[in-house]
Amino acid sequence: MKLPGLLPDWLAEIPGEQPYPLVFATVSGAHLYGFPSVDSDVDLRGVHVLPVEEVAGLRHGPQTLERMWTRDGVEVDLVTHDLAKFCRLLLRRNGYVLEQLLSPLVVTSSPVHEELVALAPGCLTRHHAHHYLGFARTQWRLFTKRLELKPLLYTFRVLATGTHLMRTGELEADLTRLYAYGPAYLPDLVARKVEAEHVRAPSTLGLEADVERMTAALEAARDSSDLPERATAEAALHDLVVRARVRGWGSLT
């Protein structure tokens, strides 16, 4: 697919340069969240598949691979998990990996990726609210120390994403699509962030009250959510991992 705007075309070359085949690679971070700056780095997240001989014997291959480099002045941060580890994370109420899986900014895909996406609704529970509440607390503490705009926007973004998920069962990571959940000044903050990656918040007046209000809204949405208590996709994910490992990651036929 054609990646938008600030994302370089050469991202499509990266999957073929990795030591293990990638089930998928998507763009996360500020580009996914709706407020990339012209100098933002590119966060790539995905899943690799270890061959059978690197999981069945005494020597196991890497469960997680991390690589960071700069190309044409753009810093790229690539993190991939082996398929089995990724599926375990999906079942642990981890909103971060769900966002990676369902990111519309797809660099590379496969039939296994398509199955994972289809199984994603069976991984959703009301307990995903804990992920977003915890992430918001962390980002708010970071903001109060640095007074930078980026962690403030992350705070608002995760609270809005979590509330939307609890109310609708749909995962939306782009803050610009979630303005209704936050204060009226959010579009102005996003516009300011787009101008530069590291910039101070224009004001702190009223911010704590707005964060507290959004936190309470997420807690209330969690308590009234129709999402289930437990994930239902574990058996299907187990089957997918086995088939992908044994029959080949690129095709499930």
Side-chain angles (χ1 to χ4, degrees), residues 1 3 7 10-29 31-33 41-69 71 75-125 127-128 130-132 134-135 171 173 230-253:
M1 66 175 291
L3 292 170
L7 293 169
W10 46 256
L11 288 180
E13 302 171 13
I14 292 175
E17 300 169 353
Q18 304 315 305
Y20 299 97
L22 296 188
V23 166
F24 74 85
T26 59
V27 179
S28 185
H31 292 89
L32 174 61
Y33 305 151
D41 59 0
V42 177
D43 295 320
L44 294 183
R45 300 293 183 265
V47 168
H48 62 268
V49 181
L50 295 172
V52 172
E53 58 268 23
E54 293 194 32
V55 295
L58 298 180
R59 295 187 298 273
H60 283 212
Q63 295 292 300
T64 299
L65 288 168
E66 301 182 41
R67 179 187 171 202
M68 185 177 293
W69 72 101
R71 176 172 172 178
E75 185 176 291
V76 182
D77 179 19
L78 173 64
V79 180
T80 67
H81 299 300
D82 175 61
L83 179 61
K85 179 177 180 178
F86 186 82
C87 289
R88 287 193 292 269
L89 291 172
L90 279 177
L91 293 169
R92 292 177 185 167
R93 309 159 184 173
N94 189 316
Y96 190 45
V97 295
L98 271 169
E99 291 172 7
Q100 297 167 16
L101 173 62
L102 299 178
S103 170
L105 305 177
V106 180
V107 176
T108 191
S109 183
S110 70
V112 179
H113 181 211
E114 294 171 2
E115 279 210 39
L116 285 171
V117 169
L119 291 172
C123 298
L124 293 174
T125 74
H127 299 292
H128 278 81
H130 298 306
H131 165 87
Y132 288 104
F135 195 1
L171 187 68
R230 296 177 179 274
T232 59
E234 182 174 0
L237 288 171
H238 170 79
D239 177 70
L240 176 58
V241 172
V242 172
R243 286 185 288 120
R245 192 90 75 197
V246 175
R247 301 182 188 178
W249 69 276
S251 173
L252 297 184
T253 57

Could you tell me if the side chain of [Y] sits less than 4.5 Å from the side chain of [X], heavy atoms only?
X      : Y      : value
Tyr20  : Leu50  : yes
Lys85  : Thr64  : yes
Val76  : Leu44  : yes
Val117 : Leu101 : yes

When you measure from the side chain of [X] to the backbone N and O of [Y], does any donor-acceptor pair fall under 3.5 Å?
X      : Y      : answer
Glu115 : Pro111 : no
His131 : His128 : no
Ser110 : Val23  : yes
Ser103 : Val27  : yes

Practice prompt. Please assess Val107 against Ile14 for the test side-chain contact (heavy atoms from CB on, under 4.5 Å), listing each intermediate value before the final yes or no.
Written response: CA-CA 9 Å; Val107 176; Ile14 292 175; 5.6 Å; no
Worksheet item: Which is it for Glu53 and Arg59 under the salt bridge (charged side-chain N to carboxylate O under 4.0 Å, His left out) test, yes or no, and what are the steps along the way?
Response: CA-CA 8 Å; Glu53 58 268 23; Arg59 295 187 298 273; over 6 Å; no
What is the minimum heavy-atom distance between [X] and [Y], and which atoms define it?
X      : Y      : value
Tyr96  : Ser28  : CE1-OG, 4.0 Å
Cys123 : Ala233 : SG-CB, 4.1 Å
Cys87  : Leu237 : SG-CD2, 3.9 Å
His48  : Pro62  : NE2-O, 3.0 Å
Leu89  : Asn94  : O-CB, 3.3 Å
Val49  : Ala244 : CG1-O, 4.5 Å

Worksheet item: Should the pair Glu99-Arg45 be classified as a salt bridge under the 4.0 Å nitrogen-to-oxygen rule?
Response: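 Salt bridge flag = no for Arg45 with Glu99.
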Worksheet item: Any Lys/Arg nitrogen of Arg88 or Asp82 sitting under 4.0 Å from an Asp/Glu carboxylate oxygen of the other?
Response: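 Looking at Asp82 together with Arg88, the answer is no, because their closest N to O distance does not fall below 4.0 Å.
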Item to complete: Would you please test Glu17 and Arg67 for side-chain contact (heavy atoms from CB on, under 4.5 Å) and show each step?
Response: CA-CA 12 Å; Glu17 300 169 353; Arg67 179 187 171 202; 4.1 Å; yes
Worksheet entry | Phe86 and Phe24 aromatic ring geometry - parallel, tilted or perpendicular at 30°/60° bounds |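 Because their plane-to-plane angle is over 60°, the rings of Phe24 and Phe86 count as perpendicular.
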Distance in Å, [X] [atom1] paired with [Y] [atom2], rounded so as to fall on 0.5 Å steps:
X      : Y      : atom1 : atom2 : answer
Leu98  : Leu124 : CG    : CG    : 5.5 Å
Leu116 : Gln100 : CG    : CD    : 12.0 Å
Asp43  : Leu32  : CG    : CG    : 10.0 Å
Leu65  : Thr80  : CG    : OG1   : 4.5 Å
His81  : Gln63  : NE2   : CD    : 10.0 Å
Thr26  : Leu11  : OG1   : CG    : 11.5 Å

Worksheet item: What about His130 and His127, are their ring centers closer than 6.0 Å?
Response: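 Yes - the distance between ring centres of His130 and His127 falls below the 6.0 Å cut-off.
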Discussion item. I'd like to know whether His31 forms a side-chain contact (heavy atoms from CB on, under 4.5 Å) with Leu7, so could you lay out the CA-CA distance, the side-chain angles of the two residues, the decisive distance to 0.1 Å, and finally the verdict.
Written reply: CA-CA 8 Å; His31 292 89; Leu7 293 169; 3.5 Å; yes
Worksheet item: Are more than 12 heavy atoms from other residues, nucleotides or ligands located less than 6.0 Å from atom NE2 of His60?
Response: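 Yes, enclosed.
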Discussion item. Applying salt bridge (charged side-chain N to carboxylate O under 4.0 Å, His left out), can you list everything that pairs with Arg71, at least two apart in sequence or on another chain?
Written reply: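 Arg71 satisfies salt bridge (charged side-chain N to carboxylate O under 4.0 Å, His left out) with Glu13 only.
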